[in-house]
Amino acid sequence: MRAEPVRNIGIMAHVDAGKTTLTEQLLYASGVIRTPGRVDHGTSLTDSLEVEKKRGITVRAASVVLNWKETNIRIIDTPGHADFYPEVERSIRALDGAVLVVSSVEGVQLQTLAIWTALRELGIPTLIFVNKLDRVGSEPHKLLEDMQKQLSTSIFPMQFVSRAERKTPRIIPISDHQQTMVKAMECLAHQDEQMMHRYAHDERTNWDEMDGLILRLTKEGKVFPVFFGVAMTGLGVSEVLDGVINYLPGPKGSNANDLSAVIFKVETGNVEGRMVHVRVFEGTIGQRLGIHNETTGKQEKAVRILRLARGRDYENTATLEAGDIGVLFGLQDSKVGHVLGSGYAIPNISTPVEPMLTAKIFPEQGNEWNELLEALQRLEDEDPLLNVEWLEEQREIHLRFFGEVQMEIVCNMLFSRFNLVADFSEPCVIYKETPAGVGEAGIKFRDGGYADLELRIEPLPTGSGFEYESLISGDNKIYQKFMKQIPQILEKIRNRGPSGREITDLKVVLVDGYCKYDLGTKPEDYKIVTPIVFNMALEKSGTRLLEPVMDFHISVPEEYGSQIYRDLVKMRAQFKQPAADGERLLFTGRVPFAETFKYTPVLYASSHGQGILKTKFCGYCPVEKTQ
Ligand code: GDP
Ligand code: MG
C-alpha cells in the first residue's frame with residue numbers, strides 16, 4: 001500500500017441539501033481550487049455535465065480528490081434522485097465511508113431516508129453534516145432530534161451551535177461544551193458497557209477517552225457523529241474534513257490478496273473511448289495483464305490505467321492497488337456492476353434490477369433515426385439500466401428504462417452530447433407472458449423446402465427463464481448444423497412473442513423432426529419453420545400474463561397506519577399485519593410494480609411526509625385477478 005493514508009468517501013444527500021456546494025467548499029478548503037464554484041452559476045467542478053448545469057442537480061457519479069493533513073480524500077459524488085437509486089447503491093458499494101448532508105431548513109426528506117437505509121444495509125460508516133445554518137427557518141437542534149427519531153438513536157452532536165439574533169452562527173466544538181459532551185456520552189453509553197457504567201454513576205469522563213470511543217464506534221458503523229455548518233460560506237467545512245480523516249475508516253485491502261474489484265461507472269468519451277471506473281478492494285490490476293471478469297466469465301485486458309490524482313485530474317499508472325479508485329481503458333465487455341477477479345471482498349454485490357418501464361422514443365427531425373439509435377446504443381453501454389431496441393418493421397425505437405427521471409436525463413444527454421432532439425411516448429410497465437399449460441405442435445414443411453419439426457412447450461416455475469431440451473440426437477433425423485440453430489432461433493423469438501411480449505419461465509422440447517439435403521432441405525428452412533411451430537404450440541398451451549412485482553417495506557408513524565392499510569389494499573398488495581417498531585408501524589409484503597412506481601407522492605400525502613417506502617424488485621409473477 002502507498003504510505004499516504006486514504007479515505008474513499010461519498011457525499012450523499014437529498015436534492016438541494018447542498019451536496020455539490022459542500023464538495024466545492026471541501027475542494028476550496030484543501031486548496032484544489034482557488035475559488036469555490038457556485039451551483040447556481042453553473043461553475044461547480046463536480047456538476048460538469050451540461051444536463052446538470054442546467055438542472056442544477058448531480059445525476060452521474062463524478063469523482064474528485066483532495067488532500068487534507070497528509071490524507072488523500074477521494075470523493076465520489078453520488079446522484080441524489082430516487083429514480084437513480086440503483087446508481088446510488090452502485091456508488092455506495094465503492095465507498096469506505098459517507099457524509100450525509102441534511103438541510104437544517106428542509107430537514108429529513110424521503111430521499112434522505114432512502115439513502116440512510118441503503119447506507120445502513122451496506123454498513124457504511126457515516127458522518128452527518130447539517131447544512132444551511134444561515135437560512136431563515138434553520139432549526140439545527142430540532143433537526144437533531146428528528147434525525148434521532150427517524151434515522152437512528154445513535155446519532156449525536158459533535159458541536160454546539162450558538163445562534164445570536166441576526167449574527168453568523170458560532171460553532172463550538174464538543175470538547176468545549178459540557179452539555180454536548182453529556183449528549184454524546186448518553187448515545188455512546190448505549191453501545192459501550194464501560195461508558196454506560198460511567199453514565200449511570202454520573203462519573204465524568206475525559207475527552208480523549210471519549211474521542212477514542214467515538215472513533216471506534218463510528219468506524220464500526222454503530223454511532224453517527226453530526227457536524228454543523230454553512231456549505232455556501234465554508235463555515236464548519238474544515239471540521240468536516242477533520243471528521244473524515246479522524247473518524248471514517250480507510251481502505252482495508254492488501255495487494256498480496258487475489259483481485260476483488262467492482263465496476264461502478266462506465267463512460268464513453270468522444271476521444272478517450274470506453275472508460276471503465278473501478279474500485280479495487282483487494283489485490284491489484286496491472287496494465288496489459290489479463291483481468292478475469294467474473295460476471296461474464298471473460299478475460300479482459302486494460303491497455304491503459306488512470307488513477308485519480310488531484311481535483312478531477314487523473315494520472316497514468318501501471319497498476320491500481322488495493323483500495324484504489326481508477327479508470328481502465330480497453331475493456332470491451334465489462335459493465336457497471338460487474339465484478340473483476342472475484343467478489344469475495346465486495347459488500348453486497350447482487351441486487352438484481354432490470355428495467356421495468358418502456359417507452360417509444362423518436363427524433364424530432366423525422367430523418368435522424370440512425371443518429372438517434374447510435375447515440376442511444378452508446379448511452380446503453382454506459383448504463384445497463386437502459387435498454388434499446390430497434391423494431392425494423394414498425395420503424396420504432398423502444399427504450400426500456402428504470403424511472404421517469406432517467407428518461408429525462410437521457411433526453412438531455414442526447415441533446416448536450418449528440419445534439420439530437422428526441423421525444424418520448426408515455427412510459428408503460430413491461431409485462432411478460434408464460435405458458436399456461438403444456439402445448440405441442442408440429443408441421444411438415446414442404447413449401448419450396450423440406451423440413452419437419454415438432455415442439456413441445458412446458459411452463460416452468462417463476463424466475464426460471466428459458467430452458468431447451470432435444471429428444472433426438474445424432475445426424476440421422478436433423479443435421480447437427482440445423483439442430484444447433486434451433487435453440488438460438490427459439491431464444492430470439494421468445495424474446496418477442498406473438499403479442500410482442502417476452503415469453504419466459506418455459507421449457508421448449510424438440511420432440512421430433514426430419515430433413516434431408518437430397519429431398520431439398522436448405523439452410524433457411526428451420527429459420528422459417530421454427531417460429532411457426534413455436535407459435536402454434538404456444539397457442540395450444542395458452543399464456544398467462546406476468547407483471548413485475550416488488551418486495552416492499554413501508555414505515556409510518558402509528559397514526560397513519562389505517563390510511564396506509566387502505567392504500568395497500570387498493571394497490572393489490574399482499575401483506576401481513578404490520579409490526580410495531582417503536583412509535584412506528586412497519587408494513588412488509590409484495591406489490592405489483594405498476595402500483596408502486598407512482599406511489600411515492602401518494603405515500604407522502606397519506607403520511608404527511610413521514611412515511612418511508614423501500615422497494616426491491618423480486619421477479620415477474622402472474623397477474624392476480626382482483627375478484
Ligand atoms: P445538491 O442538490 O445537494 O447538490 O445541492 P446544491 O449544492 O446544488 O445546493 C442547492 C441550493 O442550495 C443551491 O442554490 C445552493 O446555492 C444552496 N445552498 C447550498 N448550501 C447552502 C448554505 O449553506 N446556505 C444557503 N443559504 N444556501 C445553500
Ligand atoms: Mg448537486
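As the structure lists them, so they are numbered: ligands from 1, and atoms in each ligand from 1.
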Measure from atom 5 (O) of ligand 1 to every heavy atom in Ala13, Ala231, Gly18 and give the option owning the shortest one.
Gly18

Using a 4.0 Å heavy-atom cut-off, which part of Val101 comes near ligand 1: side chain, backbone, both, or neither?
neither

Have a look at Asn8 and tell me which of Leu95, Ile325, Val65 forms a side-chain contact (heavy atoms from CB on, under 4.5 Å) with it.
Ile325

Tell me which part of Thr21 gets within contact of ligand 1: side chain, backbone, both or neither, using heavy atoms under 4.0 Å.
both

Run the salt-bridge test on Glu426 and Lys360 with the 4.0 Å N-O cut-off and return the result as yes or no.
no

Which ligand 1 atoms does Lys19 reach within 4.0 Å, using its non-hydrogen atoms?
1 (P), 3 (O), 4 (O), 5 (O), 7 (O)

Please tabulate, for side-chain N and O atoms in residues 170-181, each donor-acceptor pair with protein atoms closer than 3.5 Å (sequence neighbours left out).
from, atom 1, to, atom 2, distance (Å)
His177, ND1, Thr180, N, 3.3
His177, ND1, Thr180, OG1, 2.7

Listed by chain and number, what are the ring pair (Phe, Tyr, Trp, His ring centres under 6.0 Å) partners of His608, not counting sequence neighbours?
Tyr560

Show me which atoms of ligand 1 lie under 4.0 Å from any heavy atom of His14.
3 (O)

Applying a 4.0 Å heavy-atom criterion (strictly less than), which segment of Arg135 is in contact with ligand 1: side chain, backbone, both, or neither?
side chain

With side-chain contact (heavy atoms from CB on, under 4.5 Å) as the test, would you mind laying out the steps for Leu122 and Arg93 before giving the verdict?
CA-CA 8 Å; Leu122 297 189; Arg93 239 188 265 142; 4.2 Å; yes

Hey, which atoms in ligand 1 end up nearer than 4.0 Å to a heavy atom of Thr20?
1 (P), 4 (O), 7 (O)

Using 0.5 Å steps for rounding, measure from the CZ atom of Arg400 to the CD atom of Glu380.
11.0 Å

